[in-house]
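Since we're looking at a predicted model, the values are computed, not measured. Reckoned from all heavy atoms, side chains included, excluding hydrogens, waters and symmetry mates.
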Amino acid sequence: MGNSSSNERCTISKDSSWFSQFRNASNPWLARYVYGFIFLLANLLAWAARDYGHGALTGLERLKGCDGGQDCLGTEGVLRVSLGCFIFYIIMFLSTAGTSKLSETRDSWHSGWWSAKIVLWISFTIIPFLLPSAFIQLYGQIAHFGAGVFLLIQLISIISFITWLNDWFQSGKYADRCQIHVMLLATASYVVCLVGIILMYIWYAPEPTCLLNIFFITWTLVLLQLMTSVSLHEKVNAGILTPGLMGLYIVFLCWSAIRSEPAGGNCIRNAASMETDWLSIISFVVAILVIVIATFSTGIDSKCFQFRKDDTLAEDDVPYGYGFFHFVFATGAMYFAMLLIGWNTHHAMRKWTIDVGWTSTWVRIVNEWLAVCVYLWLLVAPIIWKCRQTTETT
């Protein structure tokens, strides 16, 4: 009965239009885009509550604890929208975790029942605005931890993709004909890294007094050299591609960290310009889209967290881990809240800004250093375990 049901759903997925698949709950791949769109709406709603919701939020009895403070109202508006989004996805996580077959009822719940889910999401978005400020502030503290979990998951996913790409290029089937491509990609990565570092020195360390920025940029260059040296060591022999791609990642994190520094001083060009321009608006929109895309891509990458790697899927197996997918979105709800309030529940954020403040800067820097530590550990750990096994056998 289960096989016939799954085969029927496969037939529907192949022969029906996307709208029919959406209505019949027969396409889990289509469902993930719907969840991503809901997450995007939550991001936009949180931004609107922060930048333009002060008039509406002032009249709410539950927000009287803010004493009418504009910054407090904006922060709490973001946290309340985030809490509603978190509750929605954590319920989806609890109700779909462990789903393995397309014939299960939980698969239909994940891929369908959209009317009920829309009602749930709207309800969970409204309910937090009825909660007292003390509870929201407590959630804000917990959200720091949840956002950190999201960053850790994203970090492992990125490193897993980089190592998978390197292994794919070095596999026996593609090793010979992809050798030139690997060299070109690795060379391009290092060139972009060096150009990025030089530009950061020019833009963000124009004077010798910019000691902190000089330290961030120089240390990023040192970490790039360290990853390359360890990767090319004769006992590791991991090639030159992975440290080049990891270099792109840590240079991006360093740039993001410095860009998150509050305006003021001469270390960041145009920092004194406080007015909102089109570049700020475009940067904000791109940042929001990056959050959604990063959450979406990380959510479907559950295989990098499996201890047993099994690439063969049966015809009736689910295409990705539903529970993991929703868990990533739940932590992502906490993450976008932290970005919109600068990781500080008492931090004032200007309109059309995101992830600005010294707390945001240090979160990015620590994330960069942690990424290098995890990458180096993945290179060195197999050698350490092999040495221990050799010692135990002798």
Side-chain angles (χ1 to χ4, degrees), residues 144-167 170 186 189-190 192-194 196-197 200 212-261 290 294-295 297-298 301-307 309 324 327-328 331-332 334-335 338-339 343 355 358-389:
H144 286 84
F145 172 76
V149 172
F150 174 83
L151 286 175
L152 182 61
I153 294 174
Q154 185 184 56
L155 168 63
I156 296 175
S157 177
I158 291 174
I159 295 178
S160 176
F161 171 75
I162 291 175
T163 54
W164 170 85
L165 185 64
N166 184 65
D167 293 341
Q170 291 183 348
S189 299
Y190 277 99
V192 173
C193 288
L194 294 177
I197 289 174
M200 283 193 291
L212 186 59
N213 288 353
I214 293 174
F215 168 71
F216 287 158
I217 301 168
T218 305
W219 189 244
T220 299
L221 182 61
V222 171
L223 293 176
L224 176 60
Q225 177 62 42
L226 177 63
M227 290 190 300
T228 303
S229 300
V230 174
S231 181
L232 295 179
H233 192 276
E234 57 181 6
K235 291 186 177 180
V236 177
N237 195 24
I240 197 173
L241 179 60
T242 51
L245 296 177
M246 279 297 300
L248 290 175
Y249 182 51
I250 66 172
V251 168
F252 169 75
L253 289 176
C254 180
W255 172 80
S256 300
I258 297 177
R259 286 283 297 175
S260 295
E261 293 178 4
V290 167
T295 307
S297 59
T298 304
D301 191 22
S302 59
K303 288 187 177 180
C304 66
F305 293 89
Q306 293 178 353
F307 294 101
K309 305 292 183 180
F324 179 80
F327 179 77
V328 170
T331 56
M334 294 180 169
Y335 177 66
M338 292 298 102
L339 295 187
W343 293 83
D355 201 22
W358 285 113
T359 307
S360 299
T361 296
W362 281 106
V363 167
R364 295 289 185 184
I365 289 297
V366 172
N367 191 22
E368 175 192 346
W369 297 347
L370 181 61
V372 175
C373 291
V374 172
Y375 173 74
L376 293 178
W377 171 250
L378 291 176
L379 294 180
V380 176
I383 300 175
I384 296 177
W385 290 336
K386 185 177 180 180
C387 292
R388 286 184 177 180
Q389 290 177 353

Quiz item: Are the side chains of Thr220 and Leu224 in touch, meaning some heavy atoms are under 4.5 Å apart?
Solution: no
Quiz item: Backbone N or O of Phe215 within a donor-acceptor pair of the Thr218 side chain at under 3.5 Å?
Solution: no
Quiz item: When you look at Trp362 and Phe216, which way does the ring pair (Phe, Tyr, Trp, His ring centres under 6.0 Å) test go after all the steps?
Solution: CA-CA 10 Å; Trp362 281 106; Phe216 287 158; 5.3 Å; yes
Self-check item: side-chain contact (heavy atoms from CB on, under 4.5 Å) partners for Ser229, two or more places apart
Solution: Gln225
Quiz prompt | Shortest non-hydrogen contact from Ala147 toward Trp343 | solution = CB-CH2, 3.5 Å
Quiz item: How many angstroms lie between atom CD1 of Ile159 and atom CD of Gln154, to the nearest 0.5 angstrom?
Solution: 11.0 Å
Quiz item: Which pairs with one or both residues in residues 218-247 pass salt bridge (charged side-chain N to carboxylate O under 4.0 Å, His left out), sequence neighbours excluded?
Solution: none
Self-check item: Nearest non-hydrogen partners of Gly146 and Met334, listed with the distance
Solution: CA-SD, 3.3 Å
Quiz item: Where do Pro382 and Trp377 come nearest, in terms of heavy atoms and distance?
Solution: CD-O, 4.4 Å
Self-check item: Ionic contact status for Asp355 with Arg259, cut-off 4.0 Å
Solution: no
Quiz item: Are side-chain heavy atoms of Val363 and Leu151 found at a separation under 4.5 Å?
Solution: yes
Quiz item: Side chains of Thr228 and Tyr190: donor-acceptor distance under 3.5 Å anywhere?
Solution: yes
Quiz prompt | Flag if over 12 foreign heavy atoms under 6.0 Å of CZ, Phe327 | solution = no
Quiz item: What is the distance from atom CG of Leu378 to atom OG of Ser231, rounded to the nearest 0.5 Å?
Solution: 11.5 Å
Quiz item: Counting N and O atoms only, with roles assigned by atom type, does the side chain of Thr361 sit under 3.5 Å from a partner on the main chain of Glu261, one being a donor and the other an acceptor?
Solution: yes
Table please: side-chain donor-acceptor pairs of residues 237-257 below 3.5 Å, with sequence neighbours left out.
unit_1	atom_1	unit_2	atom_2	d
Thr242	OG1	Tyr375	OH	2.8
Trp255	NE1	Tyr204	OH	3.2
Ser256	OG	Phe252	O	2.9

Quiz prompt | From CG (Asp167) to OG (Ser160), nearest 0.5 Å | solution = 9.5 Å
Quiz item: More than 12 heavy atoms of other residues, nucleotides or ligands under 6.0 Å from CH2 of Trp219: is that the case?
Solution: no
Self-check item: Stepwise side chain to side chain contact (heavy atoms under 4.5 Å, CB included) test for Ser360 and Leu339
Solution: CA-CA 8 Å; Ser360 299; Leu339 295 187; 5.8 Å; no
Quiz item: Where the side chain of Ser157 meets the backbone of Ile153, is there a donor-acceptor pair that is under 3.5 Å apart?
Solution: no
